[in-house]
Trainee: 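Okay, here's the structure, questions in a sec.
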2 protein chains.
Amino acid sequence: MIDAAMTLLDEAGLDELTTRKLAERLGLRVGAIYWHVKNKDELLAELADRIVGEALAEPLPDMSTTDQLETTAMALRRAMLDHRDGARLVAGYAVPGSNSLALADRLIGIARTAEVPLPLAAHACDALLSYTTGFVLQEQQQPPGATASGADEALELSGLPHLAELLAAGIPDRETAFSAGLRLITAGVIAK
Amino acid sequence: MIDAAMTLLDEAGLDELTTRKLAERLGLRVGAIYWHVKNKDELLAELADRIVGEALAEPLPDMSTTDQLETTAMALRRAMLDHRDGARLVAGYAVPGSNSLALADRLIGIARTAEVPLPLAAHACDALLSYTTGFVLQEQQQPPGATASGADEALELSGLPHLAELLAAGIPDRETAFSAGLRLITAGVIAK
DNA sequence: ACCTGAACACCGTTCAAGT
DNA sequence: ACCTGAACACCGTTCAAGT
């Protein structure tokens, strides 16, 4: 059931993930869905939790504290990117009681082993999670035929000198942009 | 038209912001909506842009570079919090060509006046925007009767020692949590 | 220019009734 | 225990036709 929903999500995206299409894929009538699951929101919550679970499954090699924090955040990003609209799902339906809490606990734990005081560790965890989901959300937003690379259609840049300069200098790819933001956050944690 | 949509959003939330309810509020039939606007997505994009515009309207007093960056991010947070589901709207429908670009340009500009090199300034801008929308998204998520303060219903904390400790120590309020994350990012920008 | 009437192709959810 | 049939109350969108 949830497996079928997951593959339907991956193939069709969140907007097309409908109870009726799910039923059809399972060879059932719509109503049958509601024997397995209370409602659609519960279904989506389970999907979101599963995605966060994939991030959690990633092993953590021996490395510096900041690298461990960054690796964990990158695992979350990977897990969300691995599923269509993954970030929207996690941001919108991931619910306490589940893997999200475990992920938060892991992040705080990493910071604490480096003797980071609890309040700062909590804020760092919060910042990393908000940043990561915010970043991937934006990343997965441009959906259909966004011209993959190069300066695409001339958007209005008059009055936006810095963006113009940035466009001329070349926009960095998503990977390095994400890592750079991550570094800004984690550096602040141990520097304190 | 967009004004009516905005107040409907504020009163009813994004899920209840429906073309039919909007028409009813305007004393029209549904079809009439589509004379004013191409489709619902365009309507939502205009709302999102308007919200970002409110953030842009906030004046920037004379202060340190990091304070200016933080003030700008806080203005965006305020603007999103000022409207029901503001973050979901901005994250999901804000589109280039509009106030989002102006906001990004402003952030990069602030960093650049402090002689931050362009690539770092761009990454800082990216990080601040992703963090802020991610944070407020989460903030506006718990919708209905989330027990406002205090440790609410016992969620399962076995195996989550750090979260348990955090809960015992008291969860910091959203304001200071947001500021703390902001500081982590901005500190990294000038420290470099 | 601006709107109505009326339809089309969808949704999520419920619930008696079947097996 | 698991599913069907059939309905209910909604959606967004289109488009001829009216004024």
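Chain letters run A, B, ... following the sequence lines, proteins first, then strands; residues in each count from 1.
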Trainee: Not counting sequence neighbours, which residues clear side chain to side chain contact (heavy atoms under 4.5 Å, CB included) with B/Ala94? List them please.
Mentor: B/Ala48, B/Val90, B/Ser100

Trainee: Check whether NZ of the Lys or CZ of the Arg A/Arg77 lies under 6.0 Å from the centre of the six-membered ring of A/Phe178 and within 45 degrees of that ring's axis.
Mentor: yes

Trainee: Sequence neighbours left out, what passes salt bridge (Lys or Arg N to Asp or Glu O under 4.0 Å) with B/Glu16? Give chain and number order.
Mentor: B/Lys21

Trainee: Where do N or O atoms of nucleotides 16-19 of chain C meet protein N or O atoms at under 3.5 Å, pair by pair?
Mentor:
none

Trainee: So, using salt bridge (Lys or Arg N to Asp or Glu O under 4.0 Å) as the criterion, who are the partners of A/Asp126 when residues are at least two apart?
Mentor: none

Trainee: Holding to salt bridge (Lys or Arg N to Asp or Glu O under 4.0 Å), I want the full list of residues that pass it with A/Arg20, two or more places apart in sequence or in another chain.
Mentor: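 Salt bridge (Lys or Arg N to Asp or Glu O under 4.0 Å) list for A/Arg20, sorted by chain: empty.
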
Trainee: Quick one: which residue pairs count as a side chain to side chain donor-acceptor pair (under 3.5 Å) with a foot in residues 162-171 of chain B, not counting sequence neighbours?
Mentor: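 Qualifying pairs, neighbours excluded: A/Asp105-B/His162, A/Arg112-B/Glu165.
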
Trainee: Quick one: the dot-bracket string of DNA chain D, using Watson-Crick and G-U wobble pairs with both distances under 3.5 Å, [ ] for crossing pairs and | for bases paired to another strand.
Mentor: ||.|||||...|||||.||

Trainee: With sequence neighbours excluded, what pairs up with B/Glu70 under the side chain to side chain contact (heavy atoms under 4.5 Å, CB included) test?
Mentor: B/Thr66, B/Asp67, B/Leu182, B/Arg183, B/Thr186

Trainee: Just jot down the salt bridge (Lys or Arg N to Asp or Glu O under 4.0 Å) partners of B/Glu115, sequence neighbours excluded, or say none.
Mentor: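 Residues passing salt bridge (Lys or Arg N to Asp or Glu O under 4.0 Å) with B/Glu115: none at all.
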
Trainee: Does anything in residues 24-36 of chain B pair up under salt bridge (charged side-chain N to carboxylate O under 4.0 Å, His left out), and if so which pairs, sequence neighbours excluded?
Mentor: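 Listed once each, the pairs are B/Glu11-B/Arg25.
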
Trainee: Once each nucleotide of nucleotides 1-14 of chain C is scored for protein heavy atoms under 4.0 Å, what B/S/- sequence comes out, 5' to 3'?
Mentor: SBSBS-B---BBBB

Trainee: For A/Asp41, check side chain to side chain donor-acceptor pair (under 3.5 Å) against everything at least two apart and list the hits.
Mentor: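 Per chain and number, A/Asp41 pairs via side chain to side chain donor-acceptor pair (under 3.5 Å) with no residue.
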
